[in-house]
Trainee: 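Below are the structure tokens for one structure; questions will follow.
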Amino acid sequence: MSVLSIADLHVDYRRRGRPTVQAVAGVSLSVEKGQILGLVGESGCGKSTLARAAVGLVAPSAGTVEFDGSPTTRLSRGTRPAHLLGLQMVFQNPYASLNPRRRVGAQIADGVGARSRTKVRADDPRVAAVLELVGLPTSAAGRYPHEFSGGQRQRLAIARVLAAEPSAVVLDEPLSSLDASAQAQIASLLVELKDKLSLAILLISHDLSVVRQVADVLAVMYLGRVVEVGPTEQIWSDPRHPYTQALIGAVPQPDGLGTLPTALPGEVPDPARPPSGCRFHPRCPEAIARCSVEQPDLTVLVPSGRKLGTSIDTPIGTARSAACWLRIDTEAR
Amino acid sequence: MKPGIRFVARRLAALVLLLLGITFVTFVLTALVPGDPARAALGPIQGENEEAVRAWNERNGLDKPLPYRYLIYLGNLIQGDLGNSQASNTPVLEELATYIPATVELAVSSILVAGLAGVTLGVFAALHRDRLADQVLRVVSLGGMSMPAFWLALISLYLGFFLIGWFPGGGRLDPALNPPSQVTGLYTVDALLSADWAALGSALAHLALPTLVLAAHTVGYIARYTRTAVLEVIHNDYIRAAYAKGLHARTVVVGYVLRAALPSMLQILGFAFAGVLTGAVLVEKIFTWPGIGGYAYTSAITLDLPSIAGVGLFIAIVYVVVNFVVDVLYGVVDPRIRIA
Amino acid sequence: MAEPLLSVEGLTVRLPGPNGPVTVVDGVDFTVDAGEIFGVAGESGSGKTMTFLSLLRLLPAGATVHGEARFSGQNLLTAPAGELRRIRGRQIAMVFQDPMTSLHPMLSIGRQLTDHLRTHLGVNRRSARARAAELLDEVRIPDPSGALRAYPHQFSGGMRQRIAIAVALACRPRLIVADEPTTALDVTVQAGVLHLLDRLRRDHGVAVALITHDLGVMSALADRVSVFYAGRIVESGTRADVLRDPGHPYTDALIGALSHTGALRPLPGSAPGAAERPGGCAFHPRCRYATERCAADDQTLVPISPGHLLACAENPLTRPRKAVAP
Amino acid sequence: MNILSRRVLPRSKPLTVIAVTVIAIWLLVALLAPVLAPGDPLSQDGTPFTAPSGAHWFGTDELGRDVLSRVIYGARLSLPLALLLVVLSALIGGTLGALAGFLRGPVDGVLMRICDLLFAFPGIVLAMVVAATLGPGITNAVLALVLISWPWYARIVRGLVVSLGEAEYVTARRLLGASTWRALLDDVLPNIVGPILVLATLDLGGAVLLLSGLSFLGLGAQAPVAEWGSMVSHGTEYFQHWWLGLFPGLAIFTVVLAFNFVGDALRDVFDPHTGRAHG
């Protein structure tokens, strides 16, 4: 059973005097125990909104998010229900996600006491244990966040979340503010923790090259929709959706060969006025007539590309799927 | 420019609401004061006559519920009826009208002096941040901000008039001269318009000390906040990029730094205007400047409530209108607001 | 070989810090030839940006610079202010990292494109605007004449960076310093900007000093690469030398972090701040090949093959290859 | 307070040190007035209008009272009242602002509109109207000034509660099951103390100025109490006897200047834009 499953999620942003923005327009995803699902997409594609909706920070306008089999609720003024405390989030900016005026130990103790709803002291042995888990010295507990580097702070943020013994963690761009070596360190920490604690991890990032090294399953998002899902290596070696192909082709390789990455023409359209049909069609090099008319749904494909069936109702796991008429049409017949 | 019009319209609506609020405040303060306006108005003999009091209350709407009385008050305001001064029994509006030009002249000249000097000093301090010039200007600015205006007025009058005698001892014009023929009510402008050079010289001489005293306080404020505004701008990449383009330092400072700090500086000037008005209330009496500040002082001393409320209402209206203009200008100088 | 366009020798930059000045660039030598793309790699804080800001004397107040920097015969570090101003924007132009902050938010694109054109080339407003429209067209901004009247916030990040490149290009400089020009952009947008830079180099023969931490970007564009670590160059050579055959364990680790094969093998620790630079080879505490020698001796760049310079005493990556070589 | 000692003191500029010393001296003067003052501030046993001399350092006023004694006793009035004014405004404004920021919605809207309204009057003008309405007197003057001062605190505290309430560390805390109140108490309020302290210090100088201004207008302290503002006011009536106005005004000036210097230094420390220290 999936730990975290998102079904046909829609999130709209309404602003006075402006058209409604469909930030997330019908996304279904699920994350299993001991799995990292990497969700990649470029700025404005709705991935952060999806992350916030997944943990209940943003209200969905349609669709559901289920954690451990029960639906999640939006975080309101009141206290978060106990059964949701196993679903946690790590934020993008490690400089903003820790309180600058509280010692690290006290902030991690918040996590330790979360499940039991008790006040835990900063010198509790469980605080030290979780610091060790993320590879920091136990002496860190007595210091303030500004005494740590960006990478170390991100470890602290992860430690605070782990202290609550979650079964699912959503990480919203946890690597983007870090240096290359810190990125690799945090990424490998995530893999280690996933294995050790059987966590279900939803890792959100704009950087395909880092995510592909740690994610078991990859989901690619474009303008509020997931366009392709599948095992990471399969997608990386054989992307089916033209957008995924463009995304992978645009990553420059450090191979010393001097080859320019492939450029994708055009700009990401205004999410308030998404294109008709497939949202990628105006920029798609392979678009056919149908693409501008009818919106393709994420459809499970077999390796040969044969159509298996629509998956709008069933949560998508590791099955290879794409939302592209080219694949659905031509490879099905 | 449709978004621009919408922007101004929104501000205008806010202005109207604010003006209503201001009149409500002055209404509450003057209409609900302890004491009996009827007896005060009718005098000691008639005031003992219950019937006369009742009739007076009825005539003036005082027997009506409060919201109704507020409407009457508003209606009177719109017709320019601010009540009568208790001291002179003349309409407050009439009295205000005679004093307003003097204060406008003083306020405008001080905000000009303070604005020019304050912005220059503030920019200079920011550009020489943490160096000696910045430290000196910090002392000067904070010194100006810390000086009680009424005290500075006293000292400057003692020194400038009594001790060295360079400046006249008060008033707007040499008593031997006739005021220039009234056009604007501002003696300096009127003298210029009628080419009355003697009056112009005298008006300027009389204007000098009060202007400097009022500006002294405001200049420190403007300099301090301009410095902050410029420092907020100056660390931006686009300033470094402007230098990297090989522009003259002067072009970068004026065309890029000040341009970016302009919206903040407008707001600072709007706030500084409050300082000038406050200062006017405190110092006009000392300079026997026949403005609403001196009028307010006298009214305060004699507890002439309708007059004080009238001054308060007038100054508040001027102040919110000035800030409305600042707001609109803010939208004009910042394209991000203009279009959004 | 012809005289290099820019040659820098023994460049040292110190910035004021809370506990006295700290050395952020420590004796750096390099050259940039006319028309080439010279890559400067390294993580943030390695001194690569400070190196180039010091050449144009754009460092924050209180910074001190030593060494020599000759740009087509002129010494940049000692040139009088007026002369330097005529070099900035005219001979050497800059493109900054974040196009959201490097364009003035309240000035029109037209103004920002033309004011240095008019200062440097003395052209009138009319022809400056015509030239500006050409430039916008050249960097593929749709509707150039409309764009001249627009403001930066009306463009996307990628478009803004194209505009910033047009600004840099305006006076036909001989060198463009591009400081992380694509870091703030999405990868598909980045690809477009990289294509643009490549085309400009080909069409105009302008040299580019490309500062980036992304070795993938480096590999796509750079002719030669220098790798910075803790204020020094630890390796430099042609693109193929440095990226295909890295000699320094740090370069190797950076490439490894991006490699698309094999497991994630993160480099331990983090780069030292300028104030806490360790003695000997600054990389030795993080280096898996480090010996006692690395902690003791300062390393200098020495050639290991023609044009390929390395500052590593142990040389663990190249040794086997040398042994094989005849 | 460790924030202050850690951040301000090591970097203190000599001017800030001088300012702190001046404040300390004035506090001592207020505390020890009976010991320091050469005479009774109210006794009229000197010759009126004696110029400063060995017997009367600051001269005597129109009733023969010793100006020095009156200036010294004036500190006992101005300093505690300024402090009271600032503390009251900060408490009232801070509480209302925190509530508005926490509750949002209509409470917030109404409160902020009230603040806008009170901002529309230049301070002393509204205070003057209020003080005149309530009747002259030092208590009414303080009340009138509290009425015009609290909105500043309310607006700033509200802004801080709103922005800090949206800080990621507060969200993270809430996701860990902390109630909104808990997060507000532990994570938001401690981060507000610093800015409010700066504002209050900056405001102390302003409070002394406003109080003396109202007294100058005759709406504050009433005769025969020794109060700096009303002393200057009397000085204007006899302005050829310069010492009547000079010394009390100088007292106001030094106190306000010292507070402004300390406030300015604090602002440099706390303001991320102009200061070098960060959050």
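Here is the naming used below: chain letters follow the sequence lines, and residue numbers restart at 1 for every chain.
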Trainee: For the residue pair C:R244 and A:D255, what are the closest heavy atoms and their distance?
Mentor: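 In terms of heavy atoms, the two residues are closest at NH1-O, 2.8 Å.
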Trainee: Do C:Q190 and A:P261 make a side-chain contact, defined as non-hydrogen atoms from C-beta onward lying under 4.5 Å apart?
Mentor: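 C:Q190 does not reach A:P261 side chain to side chain.
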Trainee: Considering all heavy atoms of both residues, which atom of C:A220 and which atom of A:L260 are nearest to each other, and what is their separation?
Mentor: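 Minimum heavy-atom separation between C:A220 and A:L260: O-CD2, 3.9 Å.
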Trainee: Hey, could you give me the CG/OG distance between C:L254 and A:S181, rounded to the nearest 0.5 Å?
Mentor: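 Rounded to the nearest 0.5 Å, the CG-OG separation comes out at 7.5 Å.
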Trainee: Name the region of A:T259, side chain, backbone, both or neither, that has any atom closer than 4.5 Å to a heavy atom of chain C.
Mentor: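 When you check distances to chain C, only backbone atoms of A:T259 fall under 4.5 Å.
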Trainee: Flag the one option from C:G273, C:G157, C:G192, C:S156 with the top tally of heavy-atom pairs under 4.5 Å to chain A.
Mentor: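 Most heavy-atom pairs under 4.5 Å with chain A: C:S156.
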Trainee: Can you say whether A:E42 sits under 4.5 Å from chain C via the side chain, the backbone, both, or neither, judging by heavy atoms?
Mentor: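 Contact with chain C: backbone and side chain both.
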Trainee: What part of C:R140 gets closer than 4.5 Å to chain A, counting heavy atoms only: side chain, backbone, both or neither?
Mentor: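 Interface part for C:R140: neither.
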Trainee: Is any side-chain heavy atom of A:E267 closer than 4.5 Å to one of C:V189?
Mentor: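 A side-chain contact under 4.5 Å is absent here.
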Trainee: Can you tell me how far apart OG1 (C:T188) and CG (A:L247) are? Round to the nearest 0.5 Å.
Mentor: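 C:T188 OG1 to A:L247 CG: 7.0 Å, rounded to 0.5 Å.
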Trainee: Within the side chain of C:H195, is there an N or O that forms a donor-acceptor pair under 3.5 Å with the backbone of A:T262?
Mentor: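 No, because the side chain of C:H195 does not come within donor-acceptor range (under 3.5 Å) of the backbone of A:T262.
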Trainee: What part of C:L221 lies closer than 4.5 angstrom to a heavy atom of chain A: side chain, backbone, both or neither?
Mentor: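 Side chain only.
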Trainee: Can you give me the closest heavy-atom contact between C:D186 and A:H206, atom names plus distance?
Mentor: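 Distance-wise, the nearest heavy atoms are OD1-CB, 4.4 Å.
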Trainee: Side chain, backbone, both or neither: which part of C:P268 has a non-hydrogen atom closer than 4.5 Å to chain A?
Mentor: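 The answer is the backbone of C:P268.
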Trainee: Under the side chain to side chain donor-acceptor pair (under 3.5 Å) test, which residues partner A:S198, sequence neighbours left out?
Mentor: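 With neighbours one apart ignored, the set is empty.
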Trainee: I'd like to know which of C:P142, C:A253, C:A191 tops the heavy-atom pair count under 4.5 Å against chain A.
Mentor: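 So the answer, after comparing C:P142, C:A253, C:A191, is C:A191.
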Trainee: Just wondering, do C:S270 and A:D179 contact through their side chains at under 4.5 Å, heavy atoms?
Mentor: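 In short, these two side chains do not touch, never coming nearer than 4.5 Å.
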